[in-house]
Amino acid sequence: MDKMPAWADVVLIPLISLLLAAILSALVILAIGESPVEAFNLMVEGALMRSSGWGYTLYYATNFIFTGLAVAVAFHARMFNIGGEGQAMLGGLGVALMCLYVPWPHWSLAMLGSTIGAAAFGALWALIPAYLQAKRGSHIVITTIMFNFIAAALLNYLLIGVLKPKGSMEPASAKFDPAFALPTFQDMFASEGNPLFRGAPANVSFFLALLACLFVWLLIWRSRLGYEIRAYGWSQTGAKYAGISGTKIIIVSMLISGGLAGLMAVNTTQGEAERLILNMTEGAGFIGIAVALMGRNHPFGVLLAAILFGFLYQGGAELALWTNIPRELIVVIQALVILFTGALDNMVRMPLERLFLALRRKEG
C-alpha cells in the first residue's frame, strides 16, 4: 500500500515546497530592506498581467519544457541526464547548419529542417555517454557533465572561426535568411486595434514544445517502448529476466532525451536570435533538472513547472529593473525553489507520509 495518495505526491508536496521557498525568499528580501509583498506584486504584474510579460514567460517556459522532458525521459530509465546544456548547444549547431546552408522556400519547411537538425545533433551528443554507460559502465552523470564542457568548447571554437562571418568581431554565426524567421506571438495574435505580445520573443516553437509533451506522454505511458523504459527503471534485474535489453533501453532513452534537449535550440536559435550565438542555452539545461523533479517526470507536471520557472525568470528580470533588489538575489530565489522542490523533497515528504499513515490507522 502506498504511504500517501497519488494526488498528495503530485500536488501537495510541490505546493508545500513552493510555499517554504516563498517564505524563505520573503525573509531574504526583508533582510535587505525591501517589501516582499511589493516584490511579489511586481513579479506578477511584469510576468503575468501584460501580454508582453506572458510572451517572455512563455518564451523561457518553452526552453524549460524541452530540457525538463529530456531529464524526465532519462529518469524513467533511472538515468540522471544532466547533459541537457551541452545537448542543447549541439542542437543549436544543427539548427544553424540547416538554416545557413539549406535554401528552404518557406519558414515552415525551415522549421521542420531545424527541428530535425536540432533533435539529431542533440541525440548524437547524448549517444556517446549512453554508449559508455551501456557498454563500459561509465556513470552517466560524470560523462554528461564532461560533455557539457566539451560542447561549450566546441561551440566556442566554431563561432570564433568556422561559422563567424568575415569581418565580424562577434563570436556568432551569420544571420539566417529573414524568410526563415519563425512567427512570433505578436505576428500570430496581434492586430492593429489590439497590439498583443509587443516585442516579446515567444514564437511558434511553443506549440512544438506542447507537441513534445504529448509525444513523451504517448511514449512513456502508451507504447511498448515506454513500458520497457519504466520496467527497466523500476528493476533492472526484473527487466532483464523479462527479456528487456538494458543496453537498448539505455541507448534509446538517452537518444530521445538528447533529442528533446536539442529541440530547445529551435526556440532560441531560429526563433529568437535568428543566428547561432554563444551562451544560447542560458542555463536552461540545468533548470530542466528542477523542472523535471518538480513536475514528477510527467509531461503535464513538466509543463506547469516550466511555466512557473518562466514566471520566475521574467518576474526576476522585472524586479532587477524596477527595484533595488540585485539580480544576484533573483538567482538566490530561483535556487531556493530548486532546493526545496528537488534536494529537500524528503523534508516535506516524510512528515506527510507519517501524517497520512496516522490518518489511515485512525480510520481503520
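- Linking Ile, Leu, Val, Met, Phe, Trp and Tyr residues whenever their side-chain heavy atoms come within less than 4.5 Å places Leu69 and Leu219 in a single cluster.
- Each ring-ring contact (aromatic ring centres under 6.0 Å, His included) pair with one or both residues in residues 122-145, not counting sequence neighbours, appears once here: Trp125-Phe147.
- Put simply, the side chain of Phe180 does not reach to within 4.5 Å of the side chain of Glu274, judged on heavy atoms.
- With sequence neighbours left out, the side chain to side chain donor-acceptor pair (under 3.5 Å) criterion links Asp177 to no other residue.
- Using a 4.5 Å heavy-atom cutoff, the side chains of Ile29 and Ile325 are in contact.
- Residues Leu352 and Ile16 come closest through the heavy atom pair CD1-CD1, 3.8 Å.
- How far CG of Leu208 is from SG of Cys213: 10.0 Å, rounded to the nearest 0.5 Å.
- Side chains of Ile145 and Val141 form a contact here, defined as non-hydrogen atoms less than 4.5 Å apart.
- Taking 4.5 Å as the limit, some side-chain heavy atom of Ile256 sits within range of a side-chain heavy atom of Leu260.
- The environment of NZ in Lys175 is crowded: more than 12 heavy-atom neighbours from other residues, nucleotides or ligands sit within 6.0 Å.
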Acceptor/donor pairs from residues 58-66 side chains to any protein atom, 3.5 angstrom cut, sequence neighbours excluded:
unit_1	atom_1	unit_2	atom_2	d
Thr62	OG1	Leu58	O	2.7
Asn63	OD1	Asn267	ND2	2.7

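- When all heavy atoms are compared, the tightest approach of Ala172 to Pro165 is O-CD, 3.3 Å.
- For Asn41, the side chain to side chain contact (heavy atoms under 4.5 Å, CB included) partners two or more places apart in sequence, or in a different chain, are Val37.
- By the 4.5 Å heavy-atom criterion applied to side chains, Leu18 and Phe340 are not counted as neighbours.
- The two residues Met188 and Phe207 have their closest heavy-atom pair at CE-CE1, 3.9 Å.
- The CG atom of Leu355 lies 11.0 Å from the CZ atom of Arg360; values are rounded to the nearest 0.5 Å.
- A heavy-atom distance below 4.5 Å is not found between the side chains of Leu276 and Val95.
- For the atom pair OG of Ser191 and CD of Gln186, the computed distance is 10.5 Å after rounding to the nearest 0.5 Å.
- Ile150 and Leu124 fall into different hydrophobic clusters, where Ile, Leu, Val, Met, Phe, Trp and Tyr residues are linked whenever their side-chain heavy atoms come under 4.5 Å apart, directly or through other members.
- Qualifying side chain to side chain donor-acceptor pair (under 3.5 Å) partners for Ser257, counting only residues two or more places apart in sequence or in other chains: Asn81.
- What you find for Asn148 and Gly86 is that their closest heavy atoms are OD1-N, 2.8 Å.
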> Taking it one step at a time, do Thr67 and Ile287 satisfy side-chain contact (heavy atoms from CB on, under 4.5 Å)?
Replying inline: CA-CA 8 Å; Thr67 55; Ile287 296 296; 5.6 Å; no
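- One distance of note links OG1 of Thr143 with CD1 of Ile140; it measures 4.5 Å at 0.5 Å rounding.
- Residue pairs meeting the ring-ring contact (aromatic ring centres under 6.0 Å, His included) criterion with at least one member in residues 224-272, sequence neighbours excluded, do not occur.
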Solution key, residues 44-56 side-chain donor-acceptor pairs under 3.5 Å, sequence neighbours excluded:
unit_1	atom_1	unit_2	atom_2	d
Ser51	OG	Phe197	N	2.8
Trp54	NE1	Leu48	O	2.7
Tyr56	OH	Gly199	O	3.4

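- In terms of hydrophobic clustering, with Ile, Leu, Val, Met, Phe, Trp and Tyr side chains grouped at heavy-atom distances under 4.5 Å, Leu163 and Ile160 are assigned to different clusters.
- With rounding to the nearest 0.5 Å, the separation of OG in Ser253 from CG in Leu225 is 6.5 Å.
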>> Between Leu42 and Glu38, is the side-chain contact (heavy atoms from CB on, under 4.5 Å) condition met? List the steps.
In response: CA-CA 6 Å; Leu42 187 57; Glu38 289 181 10; over 6 Å; no
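- Tracing side-chain contacts under 4.5 Å through hydrophobic residues (I, L, V, M, F, W, Y), one reaches Phe149 starting from Met89; they form part of the same cluster.
- For the pair Ala200 and Thr184, the tightest heavy-atom approach, listed with the atom from each and the gap, is O-CB, 4.4 Å.
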Only pairs under 3.5 Å count here: list side-chain donor-acceptor contacts from residues 305-320, not counting sequence neighbours, and write none if there are none.
unit_1	atom_1	unit_2	atom_2	d
Gln314	NE2	Glu318	OE2	3.2
Glu318	OE1	Trp322	NE1	3.1

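- Under the 6.0 Å distance and 45° angle rule, Arg78 counts as a cation-pi partner of Phe75.
- Taking 4.5 Å as the limit, some side-chain heavy atom of Phe80 sits within range of a side-chain heavy atom of Ile289.
- A heavy-atom distance below 4.5 Å is not found between the side chains of Leu210 and Leu214.
- Residues Val266 and Ser114 approach most closely at CG2-O, 4.0 Å, considering heavy atoms.
- Among residues two or more places apart in sequence or in another chain, the salt bridge (charged side-chain N to carboxylate O under 4.0 Å, His left out) test is passed with Lys248 by Glu228.
- Crowding of Phe189 atom CZ: a count of heavy atoms from other residues, nucleotides or ligands under 6.0 Å exceeding 12.
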Would you mind writing out the side-chain donor-acceptor pairs for residues 290-297 within the sub-3.5 Å range, not counting sequence neighbours?
unit_1	atom_1	unit_2	atom_2	d
Arg296	NE	Asp9	O	3.2
Arg296	NH1	Leu293	O	2.9
Arg296	NH2	Asp345	OD1	3.1

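- Under a 3.5 Å cut-off, the side chain of Thr269 and the backbone N or O of Gly92 do not form any donor-acceptor pair.
- With sequence neighbours excluded, the residues satisfying side chain to side chain donor-acceptor pair (under 3.5 Å) with Ser108 are His106.
- Other residues, nucleotides and ligands contribute over 12 non-hydrogen atoms within 6.0 Å of the CE atom of Met347.
- Separation of atoms CZ (Arg224) and CD1 (Ile244) is listed at 8.5 Å; rounding is to 0.5 Å.
- Pairs passing the side-chain hydrogen bond (donor to acceptor under 3.5 Å, both in side chains) check and including a residue from residues 278-289, sequence neighbours excluded, read Glu85-Thr281.
- Leu159 is connected to Met280 through a chain of hydrophobic side-chain contacts under 4.5 Å among Ile, Leu, Val, Met, Phe, Trp and Tyr, so both are in one cluster.
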